[in-house]
There are 2 protein chains.
Amino acid sequence: MSARGRKADPAVGERIRQAAATLVLTHGLDFTMDDVAAAAGVGRASVFRRYGSKRDMLLEAIAGFMDAHVAVPDTGSLAGDLHVVVTDTLALWRLPGIARLAKQVYGEAGRDPAVAEIVRTGMRTRMERSWVVYERAIERGELSPDADLWLLTDLFTGFVAYRGLLDLPLPEPEEVVRALLQGFTSP
Amino acid sequence: MSARGRKADPAVGERIRQAAATLVLTHGLDFTMDDVAAAAGVGRASVFRRYGSKRDMLLEAIAGFMDAHVAVPDTGSLAGDLHVVVTDTLALWRLPGIARLAKQVYGEAGRDPAVAEIVRTGMRTRMERSWVVYERAIERGELSPDADLWLLTDLFTGFVAYRGLLDLPLPEPEEVVRALLQGFTSP
DNA sequence: CAGTATCAGATACTTGGAGTATCACAATGT
DNA sequence: ACATTGTGATACTCCAAGTATCTGATACTG
């Protein structure tokens with residue numbers, strides 16, 4: 001029951017992965033499996049040997065993209081830290097390649113539960129990496145210990161995703177931070 | 001140059017529209033044009049005579065769905081009014097049919113700029129219908145006259161869309177209203 | 001080494017749905 | 001009467017995903 005026969009060439013797999021990632025970035029999801037094989041300089045059959053379907057391939061590619069950097073600032077105040085996080089996120093969405101990718105992925109999440117699952121856990125993981133920001137804020141007394149941190153982060157994330165998805169203009173970071181921290185009622 | 005020949009049967013067009021709307025609600029976008037013709041009890045050719053493509057048909061159907069009711073409460077306080085709006089929206093998303101539809105539509109918006117345009121203007125129109133709520137709040141001094149109302153509404157709308165799209169649990173209305181009005185900083 | 005299982009690449013096939021073309025027939029204008 | 005256009009039915013083209021098969025390459029097993 002050991003592995004007989006020719007071994008799968010790791011280089012082939014790697015080139016397919018690269019090609020898939022590149023194509024997703026440049027063409028969204030609108031490319032054929034022949035495109036992938038051609039871009040990877042590989043036989044079409046080899047692609048389907050790694051991935052049972054185009055969807056499987058996309059799932060892996062998308063999951064790969066969820067592993068980007070997350071800022072974990074420490075400016076000394078919640079407002080300052082939040083400003084950094086917000087600024088970073090807005091900057092990401094202003095990059096055309098990222099914006100297109102994000103739109104496509106959120107789009108796919110709307111119709112494919114598996115994609116939704118990937119995005120959901122991916123975003124949760126990303127957010128938890130910057131969790132320390134809020135813990136420090138709680139220690140400083142800027143946030144209530146029983147504040148709903150998921151609500152805080154999702155309000156912001158959802159807002160940006162919504163505006164980005166619909167091609168609505170993104171605001172300045174200061175405005176967002178103020179809204180999140182002070183709310184809208186006149187002081 | 002006058003209209004010769006047989007006239008287009010308005011009943012046929014109407015049945016196609018109905019069938020399309022029903023199918024979108026029950027099956028998202030995953031149905032064939034034959035399904036539409038069958039559901040409408042109509043020839044397949046007649047469907048393509050009205051709509052040059054499935055996409056065109058969907059565009060019209062989606063635009064139709066954007067014309068749903070909007071609550072315009074007048075409880076006497078911004079918190080009260082906002083509570084009604086938030087509760088209504090959350091209730092909509094808790095209906096399985098609406099949630100599926102909304103996910104599909106937001107999803108399609110991510111890949112088809114025409115759909116994004118429809119959703120964008122549709123949502124803007126919906127929101128403007130309840131604008132009076134915020135005007136009253138400004139008159140009462142609950143909102144600053146130069147508050148960014150689009151930021152306020154989009155924070156909420158985007159949040160709900162984000163949670164809905166990713167199948168994350170929706171919170172209680174009270175929590176959302178408090179976050180929007182008071183913000184997250186400890187009093 | 002011989003045998004054989006498996007991968008790589010190429011190519012042809014199957015399948016499903018969108019969009020097109022054509023038919024006979026019905027309805028409405030000139 | 002006749003031309004023109006809608007209607008339903010049917011058959012076709014086109015495209016991309018997925019499947020099947022073939023030849024040759026590679027690596028394990030005895």
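Sequence lines set the chain letters: A, B, ... in the order given, protein chains first and strands last, and positions in each chain run from 1.
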Exercise for review: Specify the residue among A:Gly13 and B:Gly5 whose closest nucleotide of DNA chain C lies further upstream toward the 5′ end.
Suggested key: A:Gly13
**Study point:** Plane angle bin for B:Trp131 and B:Trp150 - parallel if under 30°, tilted between 30 and 60°, otherwise perpendicular
**Key:** tilted
Practice item. Take A:Val42 and B:Thr32, find for each the nucleotide of DNA chain C with the closest heavy atom, and name the residue whose nucleotide sits nearer the 5' end. Key: A:Val42
Exercise for review: Measure from NZ on A:Lys7 to C1' on D:dA27 and round the result to the nearest Å.
Suggested key: 7 Å
Revision key, fill the gap. Here the distance between atom C1' of D:dT13 and atom CZ of B:Phe48, to the nearest Å, is 13 Å
Practice item. Answer yes or no: is there a side-chain heavy-atom contact under 4.5 Å between B:Phe159 and A:Thr157? Key: no
Exercise for review: Report yes if a side-chain nitrogen or oxygen of A:Arg44 is closer than 4.0 Å to either non-bridging phosphate oxygen (OP1 or OP2) of C:dA10; otherwise report no.
Suggested key: no
Study note, to complete from the structure: note: A:Asp34, atom CG; C:dA12, atom P; distance rounded to Å ~ 13 Å
Point to revise | Identified side-chain contact (heavy atoms from CB on, under 4.5 Å) counterpart of B:Val132 within the set B:Arg129, B:Glu128, B:Glu135 | key: B:Glu135
Check your understanding: Under the 3.5 Å rule, do the base of D:dC28 and the side chain of A:Arg4 count as making a donor-acceptor pair?
Key -> no
Practice item. For A:Arg55, answer base if it contacts any base atom (sugar-phosphate contacts may also be present), sugar-phosphate if it contacts only those atoms, and nothing otherwise; contact means non-hydrogen atoms under 4.0 Å. Key: nothing
Review point. Should B:Leu92 and B:Tyr162 be regarded as members of a common hydrophobic cluster, given that ILVMFWY residues are connected when their side-chain heavy atoms come within less than 4.5 Å of each other, either directly or indirectly?
Key: no
Practice item. Have a look at A:Phe31 and say if it touches a base, only the backbone sugar-phosphate, or nothing, with a 4.0 Å heavy-atom cut-off. Key: sugar-phosphate
Practice item. Return the value, rounded to whole Å, for the distance between atom NZ of B:Lys54 and atom P of C:dG19. Key: 8 Å
Practice item. Under 4.0 Å between any heavy atoms, over every strand shown, what does A:Ala8 touch: base, sugar-phosphate, or nothing? Just pick one. Key: sugar-phosphate
